[in-house]
Amino acid sequence: MGGEKRRKLAASETPWDDVDAAELTPAQLLVRDSHRSIYSFRHEAHEGDVAFFNGYERESCPFCGGELVRFGHDRSGLQRYRCTSCRKTSTPVTGTIFEDRKLPLSAWADFLAQTFSYASMSLMTWEDRRSDTTIPYWMAKLFSVLEGVQDDVVLSGTVWLDETYVSEVAGELWHRPDGKLPRGLSRNKIRIAVGVDSGGRSIFVNEGKGITTTARTWAALGAKIEPGSHVIHDMETAHNKLVKELKLVSETHNGKALMGVPDKQNPLRPVNRMCFLLKEFLRSHSGFDREDLDGWLDVFFVTMNEPEDKLEKAAMVLDRAMRCPKTLRFREFYNVRPSSRGSD
Ligand SMILES: [Zn+2]
């Protein structure tokens with residue numbers, strides 16, 4: 001073995017770049033070609049990232065909202081802007097969830113497609129990467145991007161309504177003064193209103209802990225159902241105000257009486273099915289922080305609603321992340337929850 005020290009290869013190089021392919025062993029060929037293809041994939045992905053970011057023109061300063069002027073490009077090729085008020089410079093990435101990214105956006109696109117692919121959700125919990133800090137960190141970023149995604153949804157036509165519950169995690173359970181756990185729909189249960197309509201839309205709203213009230217149900221659903229719709233539901237009295245105020249055509253069924261009825265004949269089937277899928281979804285993330293319930297409900301909302309294809313969903317979310325004006329708040333969110341801090 002020669003004493004001469006070999007020059008360290010650059011990331012793009014292989015030991016066989018100057019060797020004719022005919023002289024290489026099958027194993028060397030395989031390693032060389034796979035390295036080249038991975039390198040070029042990473043490299044192209046990076047160039048694609050710059051084009052993606054520059055495709056979103058900044059309309060105002062992310063620091064003060066002031067007017068911007070173009071100010072050249074940074075070293076990576078990102079458009080730079082300078083604020084005419086506070087003089088600070090920014091790029092399209094400043095203040096978005098991608099500001100501190102270390103991986104190409106293709107990794108994000110992959111994460112999103114996986115998150116919105118219902119079938120893979122339970123798998124994700126078992127995979128090693130679930131315990132990695134990356135996934136919870138990205139998930140928190142995703143929650144901040146999705147915040148408000150259900151705001152403009154109004155169910156119409158025929159609307160099925162029901163509720164489902166999720167329990168507090170073990171460490172957060174409320175105990176009675178005698179140390180025992182309360183029974184029934186106690187404050188250890190969080191109520192989620194579920195609505196489905198004949199147009200295939202669905203909504204999932206956190207109604208808070210314990211038994212709901214008419215006022216809470218009204219706050220959760222009052223703006224989410226078109227007045228005059230035909231509503232099919234159980235005999236939940238908390239819905240009374242919805243029916244009255246929105247002049248809904250109400251069709252009630254006794255949930256208990258329907259228990260033996262075959263699924264296909266059950267008039268509440270569309271919403272029952274959605275409650276079942278939601279429970280399965282939440283179960284596949286069973287240890288999740290209940291403070292993040294709204295975020296998980298938004299993820300489930302995107303999973304169950306249009307656009308249908310998971311790649312379209314990923315594109316929709318990436319677009320929303322760039323247009324979302326409140327992403328600067330994400331940093332504050334992490335400042336108050338340092339224990340949740342991760343890295344990517
Ligand atoms: Zn400014």
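All values below were derived from every heavy atom in this structure, side-chain atoms included, with hydrogens, water molecules and symmetry-related copies excluded. Quick caveat: nothing in here was measured; it's all calculated off a predicted structure. Numbering of residues begins at 1 and proceeds along the displayed sequence. Start at 1 and go down the list; that is how both ligands and their atoms are numbered.
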Exercise. Are any non-hydrogen side-chain atoms of His73 and Leu78 less than 4.5 angstrom apart?
Worked result: no
Exercise. Within 45 degrees of the axis of the six-membered ring of Phe288 and under 6.0 Å from its centre: does Arg290 put its NZ or CZ there?
Worked result: yes
Exercise. Any Lys/Arg nitrogen of Asp17 or Arg36 sitting under 4.0 Å from an Asp/Glu carboxylate oxygen of the other?
Worked result: yes
Exercise. Any sub-3.5 Å donor-acceptor pair from Asp49's side-chain atoms to Leu105's backbone N or O?
Worked result: yes
For this session: Would you check if the distance from the ring center of Phe300 to the ring center of Phe204 is below 6.0 Å?
Result: yes
Exercise. Can you tell if the side chain of Val196 reaches within under 4.5 Å of the side chain of Leu155, non-hydrogen atoms only?
Worked result: no
Seminar exercise, completed: Note, the Zn ion (ligand 1) has protein N, O or S atoms under 2.8 Å numbering 4
